[in-house]
Amino acid sequence: MAQKLTSGYPRILMYHRFYRNEDNGGVSADMFERQVAALSKSFECLTVSEVVARIRSGSRISRGRPVACITVDDGYSDFYNIAFPILQKYRVPATFYVTTGFVDRACWLWYDRLKWIVDINVTTVVEIGVHAFHPDEWNQDKVGTWSKLVSDFLKKDGSTIERNLQELEKQVGVSFPENAPSFFEAVTWDQLREMQLAGVEIGGHTVNHYSLGRLATKDVIEELEHCRKRLTEELDEEPRAFCYPNGQPADVPTDHSKVLRAAGFESSVVAYYDKAGITDLHALRRHGVGKGWYGFQKTIYGVDQLGAMLLNRHNVFDWGGEA
């Protein structure tokens with residue numbers, strides 16, 4: 001019933017990391033293949049830009065089978081190594097949003113640097129911003145410590161995030177490696193060119209992955225323009241889609257449609273869903289499918305979206321645990 005009632009609504013699915021097995025907490029290769037196989041059998045799989053083109057043309061989005069889009073954020077190498085071969089096997093396209101400074105090896109993602117430093121044990125109290133972590137809390141609850149700090153850092157601009165990371169380096173007594181460790185490594189431009197030729201849409205995800213909702217307008221414009229410039233330089237001039245870092249309501253600038261169009265991005269996605277669905281092409285709602293089969297089925301069969309439409313449900317997210 002839910003699938004029938006939401007048949008015209010494209011399921012825009014959101015992924016981030018892929019793993020060889022289930023031990024790392026993300027989507028395993030086996031689970032992703034099971035999901036892609038199901039989509040290839042029962043859905044018409046499109047890129048985000050293909051869906052947007054149908055919306056703009058005024059034609060029906062669904063032309064028989066329901067439509068699904070696989071989207072993947074950030075730009076990690078595990079997309080190329082694990083997800084891409086599975087997508088090729090089933091001839092399913094995807095939209096891959098990359099952080100261009102990350103791909104350029106100019107930086108590794110700030111929340112990964114934060115995770116790297118939290119993984120180091122300490123013997124004294126660590127104080128940063130409003131937080132003070134006793135060594136027992138820091139050393140024994142790595143996930144909780146990291147989540148609290150990420151939630152706090154997401155409320156700050158890029159300069160403050162970088163300054164806070166430098167402060168943590170001093171307090172913990174270490175320095176970040178210049179290059180991202182292999183677990184946090186980005187794809188290369190050559191790999192992106194290969195995937196683009198094979199039907200993967202490459203979209204933008206800013207230069208540094210700071211929340212655009214926390215930046216001054218001039219800094220938002222700089223992040224967008226430089227991201228678009230690097231994509232064009234490396235992958236040629238093509239229609240490009242965009243994805244907001246973190247992607248919650250507070251991460252979307254108030255004048256988002258204007259600045260994204262000016263930078264040359266034809267659409268954008270957020271990282272939550274609600275009853276607005278696909279009404280704003282520069283804030284298309286997405287559904288996280290998690291690492292399990294049950295949550296994936298709820299999403300693709302329209303249960304989540306039906307709840308959003310009829311009961312005004314939504315799934316905004318905060319790393320600190322506050323919805």
What side chain to side chain donor-acceptor pair (under 3.5 Å) pairs are there with at least one residue in residues 125-138, not counting sequence neighbours? E137-K148
Side chain to side chain donor-acceptor pair (under 3.5 Å) pairs touching residues 212-221, sequence neighbours excluded, are none
Sequence-distant partners of K258, side-chain hydrogen bond (donor to acceptor under 3.5 Å, both in side chains), two or more places apart: none
Sorted by chain and residue number, the salt bridge (Lys or Arg N to Asp or Glu O under 4.0 Å) partners of D190 (sequence neighbours excluded) come out as R193
Sequence-distant partners of K142, salt bridge (Lys or Arg N to Asp or Glu O under 4.0 Å), two or more places apart: none
Apply side chain to side chain contact (heavy atoms under 4.5 Å, CB included) to the pair Y76 and D112, showing each step before the final yes or no. CA-CA 11 Å; Y76 290 105; D112 287 338; 2.5 Å; yes
Closest non-hydrogen atom pair between [X] and [Y], with its separation:
{"X": "P253", "Y": "V220", "answer": "CG-CG1, 4.2 Å"}
{"X": "A38", "Y": "F43", "answer": "O-CD1, 4.4 Å"}
{"X": "H209", "Y": "E223", "answer": "N-OE1, 4.5 Å"}

Tell me, please, whether Y9 has R285 positioned over its six-membered ring: NZ or CZ under 6.0 Å from the ring centre and within 45 degrees of its axis? no
Between F32 and Y15, is the ring-ring contact (aromatic ring centres under 6.0 Å, His included) condition met? List the steps. CA-CA 10 Å; F32 186 61; Y15 296 85; 5.3 Å; yes
Indicate yes or no: at least one non-hydrogen side-chain atom of [X] is less than 4.5 angstrom from one of [Y].
{"X": "L281", "Y": "R56", "value": "yes"}
{"X": "R240", "Y": "L235", "value": "yes"}
{"X": "T100", "Y": "H226", "value": "no"}

W108 vs F176 aromatic rings, parallel, tilted or perpendicular, using cut-offs 30° and 60°? perpendicular
Joint hydrophobic cluster, Y273 plus V51, side-chain heavy atoms closer than 4.5 Å: no
The test is side chain to side chain contact (heavy atoms under 4.5 Å, CB included); show your working for T99 and N208 and say whether it passes. CA-CA 6 Å; T99 309; N208 295 292; 5.7 Å; no
Just distance, no hydrogens or angles: give the donor-acceptor pairs under 3.5 Å from side chains in residues 241-251, sequence neighbours left out.
unit_1: Y244; atom_1: OH; unit_2: H282; atom_2: O; d: 2.6
unit_1: N246; atom_1: OD1; unit_2: W319; atom_2: NE1; d: 3.2
unit_1: N246; atom_1: ND2; unit_2: D251; atom_2: OD2; d: 2.8
unit_1: Q248; atom_1: OE1; unit_2: F317; atom_2: N; d: 2.6
unit_1: Q248; atom_1: NE2; unit_2: N246; atom_2: O; d: 3.4
unit_1: Q248; atom_1: NE2; unit_2: A271; atom_2: O; d: 3.2
unit_1: D251; atom_1: OD1; unit_2: S211; atom_2: OG; d: 2.6
unit_1: D251; atom_1: OD2; unit_2: Q248; atom_2: N; d: 2.9

Does the pair E169/R113 count as a salt bridge with the N-to-O cut at 4.0 Å? no
Charged N to carboxylate O below 4.0 Å: is that the case for R230 and E233? yes
Knowing that exactly one of L149, D141, V143 qualifies, which makes a side chain to side chain contact (heavy atoms under 4.5 Å, CB included) with V118? L149
Are more than 12 heavy atoms from other residues, nucleotides or ligands located less than 6.0 Å from atom NZ of K156? yes
